[in-house]
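Notes follow once the structure below has been shown.
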Amino acid sequence: MHSQFDEKKQFITLLVADTSALPILHKLDTCDSNWVLTSTPQEAVSTLASKLFNLIIVDMALDGLKLIAQAQSTTSINCHTPTIALVDRLDLALRKQLISAGFDDCLLKPLNAGDLGELVKFWCEKNALDSLLESTETILSLFRRNNGVVLSLYNKLFEELPEQVDAISVALNTEQYQLAFDTNHKIIGSAKICYLKDIETSANALEQCLSQKSYDLVEGYFSMLRHSITTFINHRQNILEYLDGQLSDKQ
């Protein structure tokens with residue numbers, strides 16, 4: 001069974017669990033999250049191959065180790081998506097085993113709306129900033145702690161990315177798909193240079209969709225790209241303060 005909730009929400013979580021989770025998901029309305037529920041491993045594999053997610057939660061009773069391998073394959077569009085294991089018991093040894101297998105965290109069953117809501121809220125907010133600051137640190141190291149160069153690079157991104165995402169929106173609305181493709185490709189280049197994995201992943205998914213002329217799926221992928229860029233722009237002050245702090249430490 002495959003169930004999907006509000007398509008307009010931009011943070012999309014795949015839950016691989018049995019259908020008893022349906023009433024719990026209907027109670028959730030947090031962090032602008034959209035939930036997709038698949039209740040068999042076969043459905044999950046198919047869904048992972050065709051749709052990009054912000055978060056994946058897998059019940060280990062449904063062949064979780066196989067699914068994590070599928071999700072994190074280098075050819076998968078979800079290879080960078082955080083994945084959470086649902087387990088019947090939790091101890092330090094099992095946690096280490098699951099994280100070694102590729103999971104980012106574990107959640108103890110039975111499922112409840114409170115725990116799921118907090119989990120999604122965490123990955124919506126805190127992890128987004130952590131990822132961006134990690135990218136900033138990588139760029140600083142690459143440019144040998146030259147804050148001036150890095151600051152110029154980020155200021156260019158803060159200016160160009162909103163303009164580019166607006167240009168893609170106009171192009172898609174007017175069915176100028178080649179223009180949308182070309183503009184999106186520029187975003188991929190910028191994201192690669194600055195190690196912005198969330199933006200790069202969603203832009204790559206949109207590029208693949210446009211290349212395959214799967215225009216019926218374009219809106220969903222573009223929404224995820226716009227969400228990742230909006231998150232980056234919203235954390236502008238945090239990034240600038242981090243750069244300023246690194247400069248102060250160096251002095």
Side-chain angles (χ1 to χ4, degrees), residues 1-17 19 21-22 24-41 43-59 62 64 67-68 70-73 76-86 103-105 107 111 113 115-132 165 168-169 172 184 187 191 196-210 214-232 234:
M1 177 181 176
H2 178 287
S3 298
Q4 192 155 328
F5 296 85
D6 189 354
E7 283 284 358
K8 296 179 181 179
K9 295 181 178 180
Q10 295 173 341
F11 190 96
I12 306 178
T13 302
L14 173 65
L15 175 60
V16 185
T19 55
L22 271 173
I24 299 171
L25 297 187
H26 281 297
K27 294 179 182 178
L28 286 169
D29 185 20
T30 181
C31 231
D32 291 328
S33 180
N34 173 38
W35 291 85
V36 174
L37 174 66
T38 58
S39 55
T40 70
E43 287 175 339
V45 168
S46 175
T47 304
L48 284 168
S50 62
K51 191 174 185 65
L52 181 64
F53 293 94
N54 299 100
L55 183 66
I56 301 168
I57 305 173
V58 179
D59 189 337
L62 295 177
L67 290 176
I68 188 69
Q70 167 79 14
Q72 297 187 345
S73 164
S76 170
I77 59 174
N78 287 288
C79 61
H80 296 301
T81 303
T83 307
I84 312 300
L86 290 177
F103 286 94
D104 293 272
D105 205 348
L107 183 65
L111 285 174
D115 288 343
L116 285 178
E118 286 300 315
L119 186 67
V120 169
K121 183 178 180 181
F122 172 83
W123 287 101
C124 272
E125 298 173 358
K126 183 178 182 303
N127 192 65
L129 178 57
D130 287 348
S131 177
L132 289 173
V165 83
I168 293 174
S169 179
L172 293 178
N184 182 68
I187 291 176
L196 297 170
K197 291 187 293 185
D198 290 345
I199 295 176
E200 183 183 354
T201 299
S202 53
N204 276 329
L206 178 58
E207 180 170 84
Q208 182 179 348
C209 187
L210 289 167
S214 301
Y215 300 135
D216 55 325
L217 303 176
V218 160
E219 184 178 349
Y221 288 118
F222 175 63
S223 292
M224 295 192 76
L225 175 62
R226 180 163 48 192
H227 176 72
S228 61
I229 290 175
T230 299
T231 299
F232 173 69
N234 287 345

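Note that these values count all heavy atoms, side chains included, but never hydrogens, waters or copies made by symmetry. Here, residue 1 is the first one in the sequence, and each next residue gets the next number.
By the side chain to side chain donor-acceptor pair (under 3.5 Å) test, Glu207 pairs with His185, sequence neighbours left out. Leu107 is linked by a side chain to side chain contact (heavy atoms under 4.5 Å, CB included) to Ile84, Leu86, Leu111, Asp115, Leu116, Leu119, counting only residues two or more places apart in sequence or in another chain. By the side chain to side chain contact (heavy atoms under 4.5 Å, CB included) test, Ile68 pairs with Gln72, Thr83, Phe103, sequence neighbours left out. Taking the side chain to side chain donor-acceptor pair (under 3.5 Å) definition, one finds that Thr81 meets it with Asn78, sequence neighbours left out. Under the side chain to side chain donor-acceptor pair (under 3.5 Å) criterion, Asn234 pairs with no residue, sequence neighbours left out. Leu217 meets the side chain to side chain contact (heavy atoms under 4.5 Å, CB included) test with Cys209, Ser214, Tyr221; sequence neighbours excluded.
Pairing each heavy atom of Ala21 with each of Leu15, the nearest pair is CB-CD2, 3.8 Å. Nearest heavy atom pair, residue Leu67 against residue Pro41, reads CD2-O, 3.8 Å. Closest approach of Leu62 and Ser39 over heavy atoms only: CD1-O, 3.9 Å.
For Ser169 (side chain) and Val165 (main-chain N/O), no donor-acceptor pair under 3.5 Å exists by modelled atom type. Side chain of Asn184 to backbone of Ala203: a donor-acceptor contact under 3.5 angstrom is found. Checking side-chain atoms of Thr201 against main-chain N and O of Asp198 turns up no donor-acceptor pair under 3.5 Å.
Here the CE atom belonging to Met224 is positioned 12.5 Å from the CD1 atom belonging to Ile229, to the nearest 0.5 angstrom.
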